[in-house]
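Here the structure is laid out as structure tokens; the discussion comes afterwards.
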2 protein chains.
Amino acid sequence: MAKFSIGNNIRKLRFNANEMTQQELAEKVGVTRQTIVAIEKGKYSPSLELAFGIALAFNVPLEEVFYVENNPP
Amino acid sequence: MAKFSIGNNIRKLRFNANEMTQQELAEKVGVTRQTIVAIEKGKYSPSLELAFGIALAFNVPLEEVFYVENNPP
DNA sequence: CTGAAATGTAAAATATACTTGACATGAAGA
DNA sequence: TCTTCATGTCAAGTATATTTTACATTTCAG
């Protein structure tokens, strides 16, 4: 079901956002810190809901946080 | 974990895209028709991967397909 | 040096997305 | 009328995301 992989800029965004910590982000979006770590490190990709939640937490559009890596032709 | 709900324009996009059928969309993105039906009708929201897959199938940005309904303050 | 804060990791349990197979309906065309 | 196509739905199973608990490491202030 997956013809591409998904990358993210969470780490950069956290540091741009006043050095926000993983814990703080987790609380802000309502998940556990481990979930943030796993996603930030690319262990798996989040649900669409959580993806929107993270984008809202940073006040940026979703595609500024997550992006497709191998755009298939 | 969910402070908002997610809406989508799949149906509109399918009709704009040459009356694309649910079956066709499903094959194009590599899931079953039932999955498309469920998402189109809002029974649940897709994974981020599938969300990107659908956006790619229509050649539009993800946020043109899916959107947040209750932007929290 | 010591302790607290931030990060990374892992195993087991639960929740949710997705599949498979099957059936029902309405619309459209032969 | 009979058949086909597109759509909607349901139940049971598999896969993946998320939680919980727990521990290790590094960095930095005191």
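Proteins come first, then strands; the chains are lettered A, B, ... in the order of their sequence lines, and each starts at number 1.
- In this structure the side chain of B:P46 reaches within 4.5 angstrom of the side chain of B:F66, judged on heavy atoms.
- Across A:F4 and B:E49, no two heavy atoms sit closer than the pair CZ-O, 3.4 Å.
- Considering NZ of B:K3 and CZ of A:F52, their distance stands at 15.5 Å, rounded to 0.5 Å.
- Running 5' to 3' along DNA chain D, contacts with non-hydrogen atoms of chain A at under 4.0 Å begin and end at D:dA17 to D:dA22.
- Going from atom CE of A:M20 over to atom P of C:dA6 covers 13 Å, rounded to whole Å.
- When the side chains of ILVMFWY residues are joined at heavy-atom separations under 4.5 Å, either directly or via intervening members, B:V37 and B:L25 end up in two distinct hydrophobic clusters.
- Spacing between atom CD1 of B:I39 and atom C1' of C:dT16 amounts to 12 Å, rounded to whole angstrom units.
- With B:S47 contributing its side chain and B:L50 its backbone, the two residues share a donor-acceptor pair below 3.5 Å.
- The distance from atom CD of A:Q22 to atom CD1 of A:I39, rounded to the nearest 0.5 Å, is 11.0 Å.
- Linking Ile, Leu, Val, Met, Phe, Trp and Tyr residues whenever their side-chain heavy atoms come within less than 4.5 Å leaves A:Y67 and B:L48 in two separate clusters.
- B:E64 places no side-chain N or O within 3.5 Å of a backbone atom of B:P61 that could act as its donor or acceptor partner.
- Note: CG (A:L25) to C1' (C:dG8) measures 16 Å, nearest angstrom.
- In this structure, A:R14 places its CZ atom 9 Å from C1' of C:dA6, rounding to the nearest Å.
- If you take CD of B:E19 and P of C:dA27, they are 16 Å apart, rounded to a whole angstrom.
- Computed from coordinates, the B:I36 CD1 to C:dA17 P distance equals 14 Å when rounded to whole Å.
- When rounded to the nearest whole Å, the span between CD of B:Q22 and P of C:dT25 equals 18 Å.
- In this structure a side-chain-to-backbone donor-acceptor pair under 3.5 Å is present from A:E63 to B:L62.
- Contact of the B:Q23 side chain with the B:E27 side chain is registered, since non-hydrogen atoms from C-beta on lie closer than 4.5 Å.
- Distance B:E40 CD to C:dA17 P: 17 Å, rounded to the nearest Å.
- Of the residues in residues 28-35 of chain B, those lying under 4.0 Å from DNA chain D by heavy-atom distance are B:R33, B:Q34.
- Sequence order on DNA chain D of the closest nucleotides to B:V37 and B:E24 puts B:E24 first from the 5' end.
- Using a 4.0 Å cutoff on non-hydrogen atoms, the parts of residues 43-51 of chain B near DNA chain D are B:K43, ordered by number.
- For the pairing with B:R14, the side-chain hydrogen bond (donor to acceptor under 3.5 Å, both in side chains) check across B:E40, B:E24, B:E19 returns one residue only, B:E40.
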